[in-house]
Amino acid sequence: MSPEMLTAVSALAVAMVTAVGGVVTAVVGRRQPRGQSRRDDFTAVTDRMEREITRQGEKIDELEEEAERDRARITAQDFAIRYLAGWARSLVGYMRRAQLEPPPPPQPMPDEVAPYLHDITS
């Protein structure tokens, strides 16, 4: 083979590889989503995120309302317990002034309660 023939054959091989590469690139490029579909995907994701953020905001509002109701209920229960403890103290004081011993509590008193009701049980 002459050098000119070898150059022509190698040029033909390079041209064929280039053509095959171009065809492969075109096929792969057609399979990839286009810019519009990417924008549509972004819009769909954005809309879904917006709905989720709205749902989370509503859930937070519900939890805050529930916490406020719980605080109000605990405050009312605290007031009732303080009222009953004061009433029990006054009854114990009245009985002791009358030279009577008040009955012991019906159950052993929990250690957490003892600091608040020390004057009733002693």
Side-chain angles (χ1 to χ4, degrees):
M1 262 176 124
S2 68
E4 293 84 23
M5 184 64 128
L6 188 58
T7 303
V9 169
S10 65
L12 181 63
V14 169
M16 288 179 61
V17 169
T18 304
V20 169
V23 169
V24 169
T25 302
V27 169
V28 170
R30 295 302 267 163
R31 289 185 182 171
Q32 296 299 323
R34 291 295 199 226
Q36 180 62 38
S37 63
R38 286 189 197 125
R39 283 191 294 275
D40 292 343
D41 290 345
F42 178 77
T43 303
V45 169
T46 304
D47 291 343
R48 193 169 70 217
M49 286 176 59
E50 182 68 31
R51 286 193 306 270
E52 182 64 22
I53 290 170
T54 303
R55 189 185 70 77
Q56 290 291 332
E58 291 170 355
K59 181 71 172 172
I60 289 171
D61 291 342
E62 290 173 12
L63 291 173
E64 286 175 348
E65 290 172 5
E66 183 179 335
E68 186 61 35
R69 286 191 306 268
D70 289 345
R71 276 195 288 279
R73 189 185 76 240
I74 290 169
T75 301
Q77 290 171 344
D78 180 54
F79 180 78
I81 290 170
R82 288 177 189 274
Y83 173 76
L84 291 173
W87 187 43
R89 284 187 183 101
S90 68
L91 289 174
V92 168
Y94 176 78
M95 291 180 78
R96 288 193 176 147
R97 281 192 302 273
Q99 302 293 324
L100 299 171
E101 189 59 33
Q107 300 176 1
M109 187 180 310
D111 293 334
E112 294 85 8
V113 177
Y116 303 104
L117 301 178
H118 59 83
D119 56 341
I120 295 176
T121 58
S122 59

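Just so you know, these numbers come straight off a predicted model, no measurement behind them. We count residues from 1, following the sequence as given. Below, all heavy atoms of this structure are taken into account, side chains as well, without hydrogens, waters or symmetry copies.
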inquiry  = Run the side-chain contact (heavy atoms from CB on, under 4.5 Å) test against E52 and tell me which residues pass, sequence neighbours left out.
reply    =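 Here the qualifying residues are R55, Q56.
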
query = What residues form a side-chain contact (heavy atoms from CB on, under 4.5 Å) with R97, not counting sequence neighbours?
reply =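 Per chain and number, R97 pairs via side-chain contact (heavy atoms from CB on, under 4.5 Å) with Y94.
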
Output the distance between atom [atom1] ([X]) and atom [atom2] ([Y]), rounded to the nearest 0.5 Å.
X   : Y   : atom1 : atom2 : answer
L91 : R96 : CG    : CZ    : 12.0 Å
E50 : T43 : CD    : OG1   : 12.5 Å
T7  : L12 : OG1   : CG    : 12.5 Å

ask   = In the hydrophobic clustering that connects Ile, Leu, Val, Met, Phe, Trp and Tyr at side-chain heavy-atom distances below 4.5 Å, which members other than L63 occupy its cluster, ordered by chain and number?
value =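 The other cluster members (ILVMFWY side chains, heavy atoms under 4.5 Å, direct or chained): none.
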
ILVMFWY clustering at 4.5 Å (side-chain atoms), partners of I74 =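 Hydrophobic cluster check, I74: no partners found.
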
task = For P102 and M95, work out which heavy atoms get closest and say how close.
result =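 The answer is CA-CE, 3.7 Å.
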
Which pairs of donor and acceptor atoms, one on a side chain in residues 15-26, lie under 3.5 Å apart (sequence neighbours left out)?
unit_1, atom_1, unit_2, atom_2, d
T18, OG1, V14, O, 2.8
T25, OG1, G21, O, 2.8

query = Going through the distances and angles, do R89 and V92 end up as a side chain to side chain contact (heavy atoms under 4.5 Å, CB included)?
reply = CA-CA 5 Å; R89 284 187 183 101; V92 168; 5.8 Å; no

Can I get a per-line list of side-chain donor-acceptor pairs under 3.5 Å for residues 79-86, giving both atom names and the distance, sequence neighbours left out?
unit_1, atom_1, unit_2, atom_2, d
R82, NE, D78, OD1, 3.3
R82, NE, D78, OD2, 3.0

